[in-house]
Amino acid sequence: MNINKNFSLEGKIALVTGAAYGIGFALAKSYAQAGATIVFNDINQELVDKGLKSYEELGIKAFGYVCDVTNEPKVMELVETIEKEVGVIDILVNNAGIIKRIPMLEMKAEEFRQVIDVDLTAPFIVAKAVIPGMIKKGHGKIINICSMMSELGRETVSAYAAAKGGLKMLTKNIASEYGEYNIQCNGLGPGYIETPQTAPIRTPGHPFNEFIIAKTPAARWGKPEDLAGPAVFLASDASDFVNGHILYVDGGILAYIGKQPQ
Ligand code: NAP
Ligand code: GCO
């Protein structure tokens with residue numbers, strides 16, 4: 001049998017949250033190229049329309065819905081609507097996320113809660129909404145978008161690191177609790193990627209920009225497209241015995257102490 005078939009997503013329905021642009025868009029594009037039907041949500045109609053246009057320009061017929069992933073009743077309604085209008089979800093990517101870069105002593109508890117709500121509670125809410133359909137179908141793939149901050153801390157990102165560290169453990173717990181239903185739950189941990197989220201710390205000459213290039217053996221920022229192959233692998237039959245794993249796609253940052261001073 002041709003091994004490539006194991007990496008096909010033909011006939012699969014993939015929900016990628018927050019995928020009007022950025023990493024989510026790149027992952028959804030790769031899933032469409034592997035044969036999946038793409039469903040995505042974003043927080044407002046304008047973003048959904050922008051996303052639909054971008055998918056259409058690539059020849060991808062996507063289904064887009066407005067939904068705030070932190071709103072549990074709305075998420076339940078979204079999943080019911082998708083199941084009626086598109087079909088039962090085979091692949092869920094919990095991608096939607098925010099970051100607030102504020103020194104901890106200056107961060108309000110409400111700001112901390114907002115980041116936890118989107119980056120950790122929402123993946124719980126959305127996974128909870130889609131798992132029953134996956135159990136009925138007899139299979140499912142859940143991919144949580146983790147981060148370098150699932151493993152490391154740095155100044156000003158206390159809420160984000162707490163959320164992404166929690167998301168790593170939520171991933172392992174979903175894998176443990178639902179593996180017997182042929183549902184695999186894994187994390188994808190991007191390194192530092194060129195998206196709107198990192199634009200403020202990536203401008204040429206910005207100290208953080210130079211810092212990341214020196215911390216990355218690949219000596220460059222990642223592109224959303226660098227995540228496509230690993231994401232398709234985690235969504236495909238090829239990873240049916242991979243469960244509770246965080247696959248870091250970081251150009252080697254986590255392996256490297258950083259470029260030695262010249
Ligand atoms: P991004 O450019 O900021 O895109 C995030 C997307 O999520 C946006 O479309 C955003 O919509 C949406 N979103 C935010 N809150 C939402 C909510 N409550 N409900 C629905 N959608 C919501 O971020 P990105 O860089 O593509 O990152 C995507 C994911 O990868 C995030 O989980 C991020 O933490 C993670 N990540 C990013 C990097 C990186 O270097 N970029 C590295 C590791 C992990 P709005 O525009 O309306 O906010
Ligand atoms: C930051 C960056 C990172 C990236 C990503 C790294 O301010 O440190 O935004 O957090 O978004 O999570 O993997």
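We count ligands from 1, going down the list as the structure has it; atoms in each ligand are counted the same way.
Judged by distance alone, the side chains of Gln184 and Asn182 do bring a donor and an acceptor atom under 3.5 Å apart. In this structure, a donor-acceptor pair under 3.5 Å is present between the side chains of Thr171 and Asn144.
Distance from atom 28 (C) of ligand 1 to its nearest protein heavy atom, with residue and atom name: Asn95 OD1, 3.2 Å. For atom 37 (C) of ligand 1, the nearest protein heavy atom (residue, atom name, distance) is Ile23 CD1, 3.6 Å. Atom 11 (O) of ligand 1 has its closest protein heavy atom at Asp42 OD1, 2.8 Å. For atom 48 (O) of ligand 1, the nearest protein heavy atom (residue, atom name, distance) is Tyr21 OH, 4.3 Å. If you check which protein heavy atom lies closest to atom 20 (C) of ligand 1, you get Cys67 O, 3.5 Å. Regarding atom 13 (N) of ligand 1, its nearest protein heavy-atom neighbour is Ala96 CB, 3.9 Å. The protein non-hydrogen atom at the shortest distance from atom 42 (C) of ligand 1 is Gly191 O, 3.1 Å. With respect to atom 35 (C) of ligand 1, the closest heavy atom belonging to the protein is Ile145 CG2, 3.7 Å.
No heavy atom of Thr17 sits closer than 4.0 Å to any atom of ligand 1. Proximity of Cys146 to ligand 1 is established by a heavy-atom distance of less than 4.0 Å. Heavy atoms of Met148 come nearer than 4.0 angstrom to ligand 1 in no pair at all.
Both Leu170 and Ile135 belong to a common hydrophobic cluster when Ile, Leu, Val, Met, Phe, Trp and Tyr are linked at side-chain heavy-atom distances under 4.5 angstrom. Put simply, Met134 and Val126 are part of the same group of oily side chains (I, L, V, M, F, W, Y) that touch within less than 4.5 Å, one to the next. Hydrophobic clustering (side-chain heavy atoms under 4.5 Å, transitive across Ile, Leu, Val, Met, Phe, Trp, Tyr) keeps Val118 apart from Ile143.
For the pair Gly191 and ligand 2, the shortest N or O to N or O distance falls below 3.5 Å. For Thr198, no nitrogen or oxygen atom sits less than 3.5 Å from a nitrogen or oxygen atom of ligand 1, counting backbone and side chain alike. Geometrically, ligand 1 and Pro190 share no nitrogen or oxygen pair separated by less than 3.5 Å. Polar contact check, Pro190 against ligand 2: a nitrogen or oxygen pair lies under 3.5 Å apart. Residue Thr198 has no nitrogen or oxygen atom sitting less than 3.5 Å from a nitrogen or oxygen atom of ligand 2, judged on distance alone. No N or O atom of Ile201 sits closer than 3.5 Å to an N or O atom of ligand 2.
Here is the list of ligand 1 atoms found below 4.0 Å of a heavy atom in Tyr192: 40 (O). The Val118 neighbourhood of ligand 1 comprises atoms 15 (N), with distances under 4.0 Å to a heavy atom of that residue. Residue-ligand proximity, Ser147 to ligand 2, at heavy-atom distances under 4.0 Å covers atoms 5 (C), 6 (C), 12 (O), 13 (O). For ligand 1 and Ile43, the ligand atoms under 4.0 Å from any heavy atom of the residue are 16 (C), 17 (C), 18 (N), 19 (N), 47 (O). Contact atoms of ligand 1 toward Tyr160: 33 (C), 34 (O), 35 (C), 36 (N), 44 (C) (distance under 4.0 Å to a heavy atom of the residue). Listed by number with element, the atoms of ligand 1 under 4.0 angstrom from any heavy atom of Asp68 are 17 (C), 18 (N), 19 (N). Taking every non-hydrogen atom of Met149 and a distance limit under 4.0 Å, the qualifying atoms of ligand 2 come out as 10 (O). Distances below 4.0 Å separate heavy atoms of Gly22 from the following atoms of ligand 1: 26 (O). Short contacts between ligand 1 and Asn41, defined as distances under 4.0 Å to a heavy atom of the residue, involve ligand atoms 20 (C). Distances below 4.0 Å separate heavy atoms of Arg154 from the following atoms of ligand 2: 1 (C), 7 (O), 8 (O). For ligand 1, the atoms lying closer than 4.0 Å to a non-hydrogen atom of Ile98 are 14 (C), 15 (N). With ligand atoms numbered from 1 in the order given, ligand 2 contributes 5 (C), 10 (O), 11 (O), 12 (O) to contacts under 4.0 Å with heavy atoms of Tyr160.
At a heavy-atom cutoff of 4.0 Å, ligand 2 is contacted by no atom of Thr156, backbone or side chain. Only the side chain of Thr195 comes within contact range of ligand 1, with a heavy atom under 4.0 Å; no backbone atom does. At a heavy-atom cutoff of 4.0 Å, ligand 2 is contacted by the side chain of Arg101 but not by its backbone.
Between atom NZ of residue Lys137 and atom CG of residue Asp90 there is a gap of 3.5 Å, rounded to the nearest 0.5 Å. Summarising the geometry, atom CE belonging to Met169 is positioned 11.0 Å from atom CG belonging to Leu167; distances are rounded to the nearest 0.5 Å.
Salt bridge annotation for Glu194-Lys223: present, with a cationic side-chain nitrogen under 4.0 angstrom from a carboxylate oxygen. We find that Glu10 and Lys5 are not joined by a salt bridge, their nearest charged nitrogen and carboxylate oxygen being 4.0 Å or further apart. We find that Asp250 and Lys215 are not joined by a salt bridge, their nearest charged nitrogen and carboxylate oxygen being 4.0 Å or further apart.
The backbone N or O of Cys67 sits less than 3.5 Å from a side-chain atom of Asn41, completing a donor-acceptor pair.
Tyr55 has its ring centre less than 6.0 Å from the ring centre of Phe25.
Ring geometry, Phe208 versus Phe211: the interplanar angle falls from 30° to 60°, so the pair is classed tilted.
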